[in-house]
Number of protein chains: 4
Amino acid sequence: MANKDFQTLFSESLGQSDLSVKQQAVLRASLELFSEKGFDRTNTRDIADRANVSEGTVYKQFKTKEGILSAILDPFIHQVIPKAIAEFLEDMSKTATPTIEDFLLVAVQNRMKFALANRLQLRIFLQEATRDPSLLNDLGAEAVKILDSPIVDFLRNYQREGQLIDWPLPRIVQYMLGTVLTYILPKVLNGGDLDVNKASHETVEFVLNGLKPRK
Amino acid sequence: MANKDFQTLFSESLGQSDLSVKQQAVLRASLELFSEKGFDRTNTRDIADRANVSEGTVYKQFKTKEGILSAILDPFIHQVIPKAIAEFLEDMSKTATPTIEDFLLVAVQNRMKFALANRLQLRIFLQEATRDPSLLNDLGAEAVKILDSPIVDFLRNYQREGQLIDWPLPRIVQYMLGTVLTYILPKVLNGGDLDVNKASHETVEFVLNGLKPRK
Amino acid sequence: MANKDFQTLFSESLGQSDLSVKQQAVLRASLELFSEKGFDRTNTRDIADRANVSEGTVYKQFKTKEGILSAILDPFIHQVIPKAIAEFLEDMSKTATPTIEDFLLVAVQNRMKFALANRLQLRIFLQEATRDPSLLNDLGAEAVKILDSPIVDFLRNYQREGQLIDWPLPRIVQYMLGTVLTYILPKVLNGGDLDVNKASHETVEFVLNGLKPRK
Amino acid sequence: MANKDFQTLFSESLGQSDLSVKQQAVLRASLELFSEKGFDRTNTRDIADRANVSEGTVYKQFKTKEGILSAILDPFIHQVIPKAIAEFLEDMSKTATPTIEDFLLVAVQNRMKFALANRLQLRIFLQEATRDPSLLNDLGAEAVKILDSPIVDFLRNYQREGQLIDWPLPRIVQYMLGTVLTYILPKVLNGGDLDVNKASHETVEFVLNGLKPRK
DNA sequence: CATGAATGAGAATTCATTCAT
DNA sequence: AATGAATGAATTCTCATTCAT
């Protein structure tokens, strides 16, 4: 049972719940509005209204509007994602996965579920990243940590066994990510449900075998 | 010999150059600024300054700031891209391509060059699309037209010959696109050069064979 | 003790004083400036200055400049004037008025005093009405209510007694109004005092007897 | 045979037709637009469009937008009206008018026809006069000239004969004007036809006899 | 003479942020 | 802590006016 659900992770990410109920309402309202309309087209009046709070209260905790954005994205990048990675790795370690198919299936499903559970944050992240690509670097820095973890041992092992092609791991991760994204991005942006089981099987099927018929 | 370059296509897209020199300067300045800072964080004062034009002039042709954005994105979606597709298809038809490797190589290179040549517009498009996913639908509508062209015959032929797996074509296109994007997106957002030759060979290599060693 | 004075009626008309002191200052400043220079030639900067308030404050309560105009004219047409009519009718009812001279004298004086007390609003009303005659219809709709009140009984009674000519009442009201206006309009537009006593006596003298010497 | 019609007087008023066809088109377009929407809400772009002329041409003859207004109102006040008065007086002199009824009838009809024929200018004049009452003085100055003309002799004669009450002539003119206005103003502002014959008879009937039944 | 592109000063309006209550 | 009125800088947009062609 992979990640905790969104509520839990989000709340935990909000600095150990040192936020009052109202402040959390502000954060949730901002999360929704930023995701729906974008940071620049959301005004503090609307945030206050949606959070059922005065405009002054919005500024009590978060000194600026920019600060609210940081309060959403910073923990997302530096806490939610790392924590998700950690839990993912733990899950992987526990799972006896003899074939690479099974391994990738778990990995892909894990990523897809995470993305859907954190849809709003991801959408905000994408919006900001298209403006300020340095955010992508921040994310990349976190992602690289995967390659500094036991998971590498799994992959190297598959390579040694001849189950996985002998390319540099970053290149392998790149392709898997790209393929997963083609399933997830439309859902993150447009909403709608994703049949994670079907999507993950299709992904693994392609990623492993490519477009040329075997035999 | 593939696409005309950016300058040409962009100028052509501006409705037969019915724009004065100054109006074109406004459009170019907006293109740059929107791409650099995003639509919402660009103000008309800055556009006027960069275009060496008065603020009034900015509004003479394009009635609103929103109108400038449309003047950039609309022809991009409805003229530049379709024209690029048309020229791409023509190139394909002319090329005798015995193996699917060669065919995909040309296709992928073509797409990559186009993306890099239209980097600024693409970046603006991405920024807006993350806010208003309906733009993706507009783009999708144009893209679908590919599947209504001679290129389909090529692909079906490869499938019949056993060079291409027997999946629905949209699924095949989806994976190719996803993989190409992993090379292009970082360049579109961050700038920098892409070794199109190397990237396209790697892409085709992966897309056709997947991550599992053949044999 | 006819109408309450302007201050009272104006304040009452402002929706039970649900406006802060500053908002009332905005309204008063607008009233003065619109009356002096006309709506179109008054800018919000001047309103803010005269009200000793920031320009943002002008827009807090009244969403647009147009909105300020409505905040002045709407209650004037739909509350101040109806209320004035009601009080006028009450005054009339209480007054035992054996002759039509006395009756008209009270009526005319009443109208003149009201017009002078509401000089600024009337002037704005006139300015707008010359652009948008539909305003006159709105006013007319309110005025017609007079002919749906006890005052009609008075007039009919005078007609029966042979003190008042047997014309349709609207025609009679039309002439009285026209004559009263010749005294009031110059004062509304130019300012200056009106000797209400003298003016009302002259009006009644003319209205009743015409220009041809009796006997 | 009272006034020449509008076209004639207006054209004559335009400085002896020293205006080109285009300039006259500008004046006519301005006349219509100012009357419809008011001076401040009419822009020079609209004037140029309605006159089928470039915006530059609008400024060739009339240095400023204000100048167009003057070109309309100045001759109206200082030429059209005086000329109308002169012709009116001439008509009066020629007419043998034994009774005051007949005399007033002609006078009133004359005024009404003039007002209707010059509806657009009058409307503009009213709009401006409600802003800048000094215009009323200008008009008044012209009007006073009536009392410096043969017409005075007519009126004094009627007074001597006991057909006209022995009040100061300005007061008499004031009442007549007020009554005439109640018929004309609604038409000037709202448009629509006026039954000049009926209206003039009613006016004279009231003005002479008042509201109290004779005997 | 006529044109209409260009100008730039100003106007309305928005909104993040502050602060007295 | 919470409120929301108040602020004023910034922004979009309009329009009378000018001037090169």
Side-chain angles (χ1 to χ4, degrees), chain A residues 20-23 25-26 39-49 51-68, chain B residues 19-23 25-26 40-49 51-68, chain C residues 19-23 25-26 40-49 51-68, chain D residues 20-23 25-26 39-49 51-68:
Chain A
S20 72
V21 174
K22 297 215 170 190
Q23 304 302 352
V26 169
F39 176 78
D40 289 311
R41 294 181 192 175
T42 300
N43 62 41
T44 51
R45 170 83 263 126
D46 286 344
I47 294 175
D49 285 349
N52 267 109
V53 137
S54 76
E55 218 169 337
T57 298
V58 171
Y59 279 83
K60 216 35 179 236
Q61 180 69 25
F62 312 102
K63 301 313 178 197
T64 66
K65 190 183 156 195
E66 199 79 42
I68 306 180
Chain B
L19 290 176
S20 71
V21 174
K22 299 220 172 191
Q23 302 301 348
V26 169
D40 289 311
R41 291 177 195 178
T42 299
N43 63 44
T44 52
R45 172 83 262 130
D46 288 343
I47 293 175
D49 286 348
N52 266 109
V53 135
S54 76
E55 212 167 342
T57 297
V58 172
Y59 281 87
K60 202 58 174 228
Q61 183 68 25
F62 314 101
K63 300 313 176 198
T64 65
K65 192 182 150 194
E66 206 56 67
I68 306 179
Chain C
L19 291 175
S20 72
V21 174
K22 298 220 172 191
Q23 302 301 350
V26 169
D40 290 310
R41 292 177 193 178
T42 299
N43 63 41
T44 52
R45 172 81 263 130
D46 288 344
I47 293 175
D49 286 348
N52 265 111
V53 136
S54 76
E55 213 167 340
T57 297
V58 171
Y59 281 86
K60 202 58 173 227
Q61 182 69 26
F62 313 101
K63 299 314 177 197
T64 64
K65 193 182 150 195
E66 229 16 272
I68 307 179
Chain D
S20 71
V21 174
K22 297 214 172 192
Q23 304 302 349
V26 169
F39 176 78
D40 290 310
R41 293 179 192 177
T42 298
N43 62 42
T44 51
R45 172 82 262 128
D46 286 344
I47 293 174
D49 286 348
N52 266 108
V53 136
S54 75
E55 219 168 337
T57 298
V58 171
Y59 279 83
K60 216 38 182 230
Q61 180 68 26
F62 313 100
K63 301 314 179 197
T64 65
K65 190 182 155 196
E66 198 79 43
I68 306 179

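Predicted model only: the values in this text are computed from it and were never measured. Per chain, numbering begins at 1; letters A, B, ... match sequence-line order.
- F/dA2 atom C1' lies 15 Å from atom CZ of A/F62, rounded to whole Å.
- Note: B/D49 CG to B/D46 CG = 6.0 Å, rounded to the nearest 0.5 Å.
- One finds no side-chain N or O of B/S20 lying less than 4.0 angstrom from the OP1 or OP2 phosphate oxygen of E/dA5.
- Nearest heavy atom pair, residue C/D40 against residue C/K65, reads O-NZ, 4.0 Å.
- Going from atom CD of D/Q61 over to atom C1' of F/dT17 covers 16 Å, rounded to whole Å.
- Within the 4.0 Å cut-off from OP1 or OP2 of E/dT3, not a single side-chain nitrogen or oxygen of D/K60 is found.
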Within the sub-3.5 Å range, which N or O atoms of nucleotides 10-14 of chain F have a protein N or O partner, and how far apart are they?
{"unit_1": "F/dT11", "atom_1": "OP2", "unit_2": "B/N43", "atom_2": "ND2", "d": "3.4"}
{"unit_1": "F/dT12", "atom_1": "OP1", "unit_2": "B/T42", "atom_2": "O", "d": "3.4"}
{"unit_1": "F/dT12", "atom_1": "OP1", "unit_2": "B/K65", "atom_2": "NZ", "d": "3.0"}
{"unit_1": "F/dT12", "atom_1": "OP2", "unit_2": "B/T44", "atom_2": "N", "d": "3.0"}
{"unit_1": "F/dT12", "atom_1": "OP2", "unit_2": "B/T44", "atom_2": "OG1", "d": "3.2"}
{"unit_1": "F/dC13", "atom_1": "OP2", "unit_2": "B/Y59", "atom_2": "OH", "d": "3.0"}
{"unit_1": "F/dC13", "atom_1": "OP2", "unit_2": "B/K65", "atom_2": "N", "d": "2.8"}

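- The interatomic distance linking C/R41 (CZ) with E/dG10 (C1') rounds to 16 Å, in whole Å.
- In this view, B/E55 and B/T44, B/R45 satisfy the side-chain hydrogen bond (donor to acceptor under 3.5 Å, both in side chains) rule, not counting sequence neighbours.
- Residues passing the side-chain hydrogen bond (donor to acceptor under 3.5 Å, both in side chains) test with A/S54 are A/T57, sequence neighbours excluded.
- Contact between the side-chain N/O atoms of D/S54 and the OP1/OP2 oxygens of E/dG4 is not found at any separation under 4.0 Å.
- In this structure, the CD1 atom of A/I47 is 16 Å from the C1' atom of F/dG4, given to the nearest Å.
- Nearest heavy-atom pair, D/F39 versus C/R41, reported as atom, atom and distance to 0.1 Å: CD2-NH2, 3.4 Å.
- D/Q23 meets the side-chain hydrogen bond (donor to acceptor under 3.5 Å, both in side chains) test with no other residue; sequence neighbours excluded.
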> Under a cut-off of 3.5 Å for both distances of each Watson-Crick or G-U pair, what dot-bracket string does DNA chain E give, using [ ] for crossing pairs and | for inter-strand pairs?
Replying inline: .||||||||||||||||||||
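- When all heavy atoms of D/V58 and D/I68 are compared, the closest pair comes out as CG1-CD1, 3.7 Å.
- Smallest separation of non-hydrogen atoms from C/A51 and C/A25: CB-O, 3.5 Å.
- One finds no side-chain N or O of D/Q23 lying less than 4.0 angstrom from the OP1 or OP2 phosphate oxygen of E/dC1.
- Partners of B/N52 under the side-chain hydrogen bond (donor to acceptor under 3.5 Å, both in side chains) rule, at least two apart in sequence or in another chain, do not exist in this structure.
- Comparing B/T57 and C/T57 by the nucleotide of DNA chain E that holds the closest heavy atom to each, the one mapping nearer the 5' end is B/T57.
- Here, E/dC1 and F/dT21 have their C1' atoms 13 Å apart, quoted to the whole Å.
- One atom, CG of C/N52, and another, C1' of F/dG8, lie 15 Å apart when rounded to the nearest Å.
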